[in-house]
Asks: 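One structure, pasted below without further comment.
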There are 2 protein chains.
Amino acid sequence: MSDPDRPTFRVIADQIRAAIHEGTYAKGSTLPTDVQLAEQYGGNRNIVKRAIELLTAEGYVNKTSNQRGSTVSAIIAKIRRDSTARYARAFREGQQAGQPARGSFNAEIQALGMTPESRVRVTRVAPPANVAKILGLQHNTETTIVRARQMFADSTPVQLADSYIPVAIAEAAGLENEDTGVGGMLSRLTEAGYAQATIEETINVRTPSEEEAERLNLTEDHRVYEIVHVARTEDGTAIEVALHVMPVHLWELSYKWEADPRS
Amino acid sequence: MSDPDRPTFRVIADQIRAAIHEGTYAKGSTLPTDVQLAEQYGGNRNIVKRAIELLTAEGYVNKTSNQRGSTVSAIIAKIRRDSTARYARAFREGQQAGQPARGSFNAEIQALGMTPESRVRVTRVAPPANVAKILGLQHNTETTIVRARQMFADSTPVQLADSYIPVAIAEAAGLENEDTGVGGMLSRLTEAGYAQATIEETINVRTPSEEEAERLNLTEDHRVYEIVHVARTEDGTAIEVALHVMPVHLWELSYKWEADPRS
DNA sequence: GAGTGGTCTAGACCACAGA
DNA sequence: CTGTGGTCTAGACCACTCG
């Protein structure tokens, strides 16, 4: 059955992957060292290392710098990002009974029974070129506020999200504070007269930059979603551009809409 | 600057990647052999091979089985799949002046100046378990028609799309023919009284199966989008489930919707 | 038959962390 | 100091293709 001469390093990767699924190696635990694994499965250390590289890139295994033995990833399930629902007001405010979630990220993580955490840093910066273009701003001067968020689930970093807002709008909406209150930034923008009417998200998958790899605890062999999120008012002016970066093995994306709304 | 002890195989990969971008290696052309590259860049053949593996997984290089020298990928630009627009009737029928596009896939490929081609095979099958569950059918018997499409851009395979429709509905809409006429399958379904009202798409990224790898000319180190597309009528019954599989390095996905449509 | 890509082996060196 | 993971080297074998 299947390919008879499937390379050894893939076979070993398959075996270890299966062992993780079966619970032989508990999630969060430490894998045996290369040499130990080499004794168990194949002969050569290089071959075992290659197998583990595969599993690392797939997200089954984490390499915490110079640790003894790699650790089995603590998160197996995918976090679901329901992109259209997350911008509905009820979901943002986390109104379900007994759920203290504030903001859609918290709701997403709690849906998995994990503990969300996020760190925000608000600064005034010159936006990246592509963001500046969408917002119709100069990209050489500090024309935007950025709310740089780093998000965690059970202390594991799972997402980076940088939200760019033109300075004029941010000031009007009082978004220079780190805490944006109930309903988050979007509720503040609405109150300030910048209600978002349409949203567009563009998705690409790429390798993480060195900085992203470090902040998300990834290697360059991983893949991340890069979501460019643009919110516009009724008249079409862009009021916010958010860049989301998240490991593909941790997230599942979902979109729901009505077919042929007009015409 | 950057990491001083960046591993050699990554440095070489960077150099070759840059050379491809600069046009030193023309797209569609054949790269030098391993040994030649080893002479040019580093010393060892293994190291060069590892570099090329990286570039292959990223989609810059194609390995056509036992060819002499790998070939530089012919497609550099990303094909844009505007998921919400593609189900609007005007786009499907390709009504722009002089554009003979029929179906949204053709329009997507022609937008890049490439020539689309697609092969369809219609058969009656037992649906996969997850599809059966969504459609509310048995998955052990032949309860669905599948329109299995394989799509190409300039003769390069770029997407697999299997569309499952319950037998009863397919017969009513006359979908057992391979050619579905102007406006495609969706127009036929609408005419038969199964107008789709809502659409939901769920996106995951994973490694391709062996079969998918072969049909899309990929290795197991590539990554593919898996999009589960579900169309429902006004009363919420699912009438079609489509499984789209496409290499992440060839596609960019886009969604656009109205914020807070109700409430 | 020679060259090539894919795989595997055996062994080496280094930086670094834990005992 | 020892063990470990990350990297690199040198060389081998095989299947396959091209000339």
Side-chain angles (χ1 to χ4, degrees), chain A residues 2-16 25 29-57 60-73 207-208 210 213-214 217-222, chain B residues 2-16 25 29-57 60-73 207-208 210 213-214 217-222:
Chain A
S2 80
D3 205 342
D5 36 300
R6 185 167 172 74
T8 316
F9 70 92
R10 293 205 192 271
V11 175
I12 295 179
D14 292 345
Q15 290 171 345
I16 300 181
Y25 303 121
S29 70
T30 303
L31 276 184
T33 64
D34 288 6
V35 266
Q36 288 170 330
L37 286 173
E39 283 168 16
Q40 278 185 52
Y41 295 94
N44 198 296
R45 185 167 79 102
N46 289 324
I47 257 28
V48 171
K49 280 191 52 49
R50 246 188 116 168
I52 292 192
E53 273 167 27
L54 289 188
L55 297 176
T56 304
Y60 286 96
V61 166
N62 291 331
K63 336 210 92 170
T64 12
S65 58
N66 275 326
Q67 207 86 35
R68 305 253 167 150
S70 331
T71 68
V72 179
S73 179
T207 53
E210 279 186 45
E214 191 183 348
N217 196 17
L218 302 174
T219 71
E220 293 186 50
D221 296 325
H222 285 266
Chain B
S2 82
D3 204 344
D5 34 298
R6 185 168 173 75
T8 316
F9 70 91
R10 293 205 192 271
V11 175
I12 295 180
D14 292 344
Q15 290 172 344
I16 300 180
Y25 302 122
S29 70
T30 303
L31 276 184
T33 65
D34 288 5
V35 266
Q36 288 169 330
L37 285 173
E39 283 169 16
Q40 277 186 53
Y41 294 94
N44 198 297
R45 186 167 79 104
N46 289 324
I47 257 28
V48 171
K49 279 191 52 49
R50 246 188 116 169
I52 292 192
E53 273 167 26
L54 290 188
L55 297 176
T56 304
Y60 286 96
V61 167
N62 291 330
K63 338 210 90 169
T64 12
S65 58
N66 275 325
Q67 208 85 35
R68 307 249 166 151
S70 329
T71 68
V72 179
S73 178
T207 54
E210 279 187 46
E214 192 183 347
N217 196 18
L218 302 175
T219 71
E220 293 186 51
D221 296 325
H222 285 265

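In what follows, chains carry the letters A, B, and so on, assigned in the order in which the sequence lines appear, proteins first and then strands, with residues in each chain numbered from 1.
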Asks: Starting at the 5' end of DNA chain C, which residue's closest nucleotide do you reach first, B:Q36 or B:E53?
Replies: B:Q36

Asks: Ignoring the backbone of B:N44, work out which of D:dA10, C:dT7, C:dT4 is nearest its side chain.
Replies: D:dA10

Asks: From C-beta outward on B:T33, which listed nucleotide comes closest to its side chain: D:dG6, C:dC8, C:dG5?
Replies: C:dG5

Asks: Return the value, rounded to whole Å, for the distance between atom CZ of A:R45 and atom C1' of D:dT9.
Replies: 14 Å

Asks: As a test of understanding, state which of A:T71, A:T56, A:I16 forms a side-chain contact (heavy atoms from CB on, under 4.5 Å) with A:V61.
Replies: A:T56

Asks: May I have the distance from A:E220 (atom CD) to D:dG6 (atom C1'), rounded to whole angstrom?
Replies: 14 Å

Asks: Would one find a side-chain N or O of A:K49 under 4.0 angstrom from OP1 or OP2 of D:dG6?
Replies: yes

Asks: My understanding is that only residues two or more places apart in sequence, or in another chain, count here; which of them pass side chain to side chain contact (heavy atoms under 4.5 Å, CB included) with A:T207?
Replies: A:R223, B:E58

Asks: So, does the side chain of A:D34 form a donor-acceptor pair with the base of D:dG6 at under 3.5 Å?
Replies: no

Asks: Apply side chain to side chain contact (heavy atoms under 4.5 Å, CB included) to A:L54 and B:E220, showing your working.
Replies: CA-CA 10 Å; A:L54 289 188; B:E220 293 186 51; over 6 Å; no

Asks: Quickly work out the A:E39 CD to D:dT4 P distance and round it to whole Å.
Replies: 10 Å

Asks: Return the nearest nucleotide to the side chain of B:I47; candidates are C:dG6, D:dT9, D:dT4.
Replies: D:dT9

Asks: Run the side chain to side chain contact (heavy atoms under 4.5 Å, CB included) check on B:I52 and B:K63 step by step: do they pass?
Replies: CA-CA 10 Å; B:I52 292 192; B:K63 338 210 90 169; 3.4 Å; yes

Asks: Calculate the interatomic distance between A:Y41 atom OH and C:dC8 atom P; express it in whole Å.
Replies: 17 Å

Asks: Please report the distance, rounded to the nearest Å, between CZ in A:R6 and C1' in C:dG6.
Replies: 14 Å

Asks: Tell me which donor-acceptor pairs under 3.5 Å the side chains of residues 37-49 of chain B have, and how far apart each pair is, sequence neighbours excluded?
Replies:
| from | atom 1 | to | atom 2 | distance (Å) |
| --- | --- | --- | --- | --- |
| B:Y41 | OH | B:Y25 | OH | 3.3 |
| B:N44 | OD1 | B:N46 | N | 2.7 |

Asks: Mind calculating the distance between CD1 (B:I12) and P (D:dT7) to the nearest angstrom?
Replies: 13 Å

Asks: Could you give the CG-to-C1' distance, from A:N46 to D:dA10, as a whole number of Å?
Replies: 13 Å

Asks: Can you tell me the distance, in whole Å, between the CZ atom of A:R50 and the P atom of D:dT7?
Replies: 13 Å

